Amino acid sequence: MKNRFNYFIITVAVVFFAIAADVFIICQLGAYETRFLEIYGSEQDGYVKIILDQINRLDGQGTDEDITDIISTLDATASRYWTLSKGDSILFVKSVTETNRYKGFTDGTYYATETASAFMNSLDVNEVNHRIIYLDDDRFIASGMIFQWQGEQYRICLLTYDKVVLEDNILLECKNSIIIILSLILALMIILSMMMSRKIRKQAMAINRQEERVVWQNQQIERLDERLKREYAFSASRHMFKNIMLDEFLEVLDEKDVCPLHFAAFQTESAEAREEFFERMQAMLDNRVLRFSMEGQLVLLVFVQYPREVSGDIIESLEDIGVRALGDLFCADNMKSYKLQFGIFWKAVNEKCGKRNYTGNTD
């Protein structure tokens, strides 16, 4: 759950980063457009100066109509046009038809917006300025100045609709290409982050499953190791049990109804002979033969589920120079308890050895 939450946070962070990048790109493109319009405005200022030179050639012989005629002969469209005002009165706006609409109005009526009004108030005498203004929610790059003619001040302005400049084929193509490429990059970033988050999540889940499997395997290995240790600890082929454990073995064999059992008693002449006898038993006998170290130099073997002929042959083969067989007892079944049958057998072995009885736990 924690990993899933982390991957969700990473994906959301990348998405927010992409959104922030989009906003940043849009802002930068806006700043780029503004700067481009500023550069265009500088070029447009020169055009205004050229027109002013033509007006100055009239000297003192012309009238307001002559100035208006010069401006009206210039190319004018809805996207690019001229305005002329004398004092606060409008003399010309865009065309003769448009001018008639504003007869009797002040230039403040036409330049009613805050940006346009600030632009008109910033104009200086014989110094062309430009600024980006808004008229009826439309953006224009405006160039204008104040000039003196026949003792009167006139304001002349050239307004160009921003889309005329910004939607030029080459410029618009470059802008759209930038937007498309950056949008594709950001979209690819989001897709890759989601894919990587999903992949990392799957890998984390696989790692968790692998870790769980390793833990399970280690637990199984530990259980198996404990089982092997227990089996090794009670392995008849590797251990010589003490006589105090004999009763417990006989009771278990009796309860499980294991039969037949074949008891065989041996006596070794010395400790060295006893050790050699143990080594021979290690090589010859399997796990179905229980070995018990009895008192003195006595050794007891219990053959479990051996045919009498087989166990008898093994007993005879174990007798050696330093090892003497004292006797054996074959119990075909446990109708009488193994402990009882062994007690009778061991009493006879003790008598044969010159001992009065068996002093272990089988009395």
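Fair warning: this is a prediction, and the values are worked out from it, not measured in the lab. Values reported hereafter were calculated over all heavy atoms of this structure, with side chains retained and with hydrogens, waters and symmetry mates removed.
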Determine whether a donor-acceptor pair (N or O, by modelled atom type, separation under 3.5 Å) exists between the side chain of [X] and the backbone of [Y].
| X | Y | value |
| --- | --- | --- |
| Ser117 | Glu114 | no |
| Arg155 | Gly87 | yes |
| Thr109 | Phe105 | no |
| Gln44 | Ile141 | yes |
| Ser89 | Ser85 | no |

Taking all heavy atoms of [X] and all of [Y], pick out the closest pair and write down the distance.
| X | Y | result |
| --- | --- | --- |
| Ala325 | Lys352 | O-NZ, 4.3 Å |
| Phe292 | Met245 | CE2-C, 4.2 Å |
| Leu159 | Ala142 | CG-CB, 4.1 Å |
| Ala265 | Trp346 | CB-CZ3, 3.7 Å |
| Thr68 | Phe92 | CG2-CD1, 3.7 Å |
| Val93 | Glu98 | O-CB, 3.2 Å |

Once rounded to the nearest 0.5 Å, what's the spacing between atom [atom1] of [X] and atom [atom2] of [Y]?
| X | Y | atom1 | atom2 | value |
| --- | --- | --- | --- | --- |
| Phe147 | Leu52 | CZ | CG | 6.0 Å |
| Cys259 | Gln305 | SG | CD | 7.0 Å |
| Asn350 | Lys347 | CG | NZ | 10.0 Å |
| Asn334 | Gln341 | CG | CD | 8.0 Å |
| Cys331 | Lys336 | SG | NZ | 10.5 Å |
| Asp138 | Thr113 | CG | OG1 | 10.5 Å |

Is [Y] close to [X] at the side-chain level, that is, under 4.5 Å between some pair of heavy atoms?
| X | Y | value |
| --- | --- | --- |
| Val349 | Gln267 | no |
| Ile67 | Leu91 | no |
| Val215 | Gln219 | yes |
| Leu290 | Leu301 | no |
| Met294 | Val299 | no |
| Lys94 | Thr83 | no |
| Met145 | Cys157 | no |
| Glu212 | Trp216 | no |

Can you hop from [X] to [Y] via hydrophobic side chains spaced under 4.5 Å?
| X | Y | result |
| --- | --- | --- |
| Leu246 | Phe330 | no |
| Val310 | Met284 | yes |
| Met335 | Val258 | no |
| Val323 | Phe278 | yes |

**Request:** Answer yes when Asp254 and Lys339 have at least one side-chain N-carboxylate O distance shorter than 4.0 Å, and no when they do not.
**Result:** no
**Asked** Could you go step by step and tell me if Thr115 and Ile132 meet the side-chain contact (heavy atoms from CB on, under 4.5 Å) rule?
**Response** CA-CA 8 Å; Thr115 55; Ile132 296 173; over 6 Å; no
**Message:** Please determine whether side-chain contact (heavy atoms from CB on, under 4.5 Å) holds for the pair Leu37 and Ile39, giving the CA-CA distance in whole Å, both sets of side-chain angles, and the decisive distance to 0.1 Å.
**Reply:** CA-CA 5 Å; Leu37 290 174; Ile39 295 173; over 6 Å; no
**Asked** According to the side-chain hydrogen bond (donor to acceptor under 3.5 Å, both in side chains) rule, which pairs have a member within residues 308-321, sequence neighbours left out?
**Response** His262-Ser311
**Message:** Can you confirm if the NZ or CZ of Arg288 lies within 45° of the ring axis of Tyr306 and under 6.0 Å from the centre of its six-membered ring?
**Reply:** yes
Kindly say whether the aromatic ring centers of [X] and [Y] come within a distance under 6.0 Å.
| X | Y | result |
| --- | --- | --- |
| Tyr338 | Phe249 | no |
| Phe263 | Phe342 | yes |
| Tyr134 | Phe140 | no |

**Atom CD of Glu248 with >12 non-hydrogen neighbours under 6.0 angstrom** = no
**Message:** Tell me whether the count of non-hydrogen atoms from other residues, nucleotides or ligands lying under 6.0 Å of CG in Asp136 goes above 12.
**Reply:** no
**Message:** side-chain contact (heavy atoms from CB on, under 4.5 Å), that's the test. Do Met281 and Val289 meet it? Break it down for me.
**Reply:** CA-CA 9 Å; Met281 286 191 295; Val289 181; over 6 Å; no
**Prompt:** Do Phe277 and Phe266 pass the ring pair (Phe, Tyr, Trp, His ring centres under 6.0 Å) test, and can you show the C-alpha distance, the side-chain angles, and the key distance before you say yes or no?
**Reply:** CA-CA 10 Å; Phe277 184 47; Phe266 296 87; 5.3 Å; yes
**Fill in**
So the salt bridge (Lys or Arg N to Asp or Glu O under 4.0 Å) pairs with at least one residue in residues 118-134 (sequence neighbours excluded) are none
**Prompt:** Are Gln153 and Lys86 close enough, and set up right, to give a side-chain contact (heavy atoms from CB on, under 4.5 Å), and what steps lead you there?
**Reply:** CA-CA 6 Å; Gln153 283 191 346; Lys86 180 181 178 181; over 6 Å; no
**Prompt:** Just by distance, with hydrogens left out, do Ser270 and Gln297 show a side-chain donor and acceptor under 3.5 Å apart?
**Reply:** no
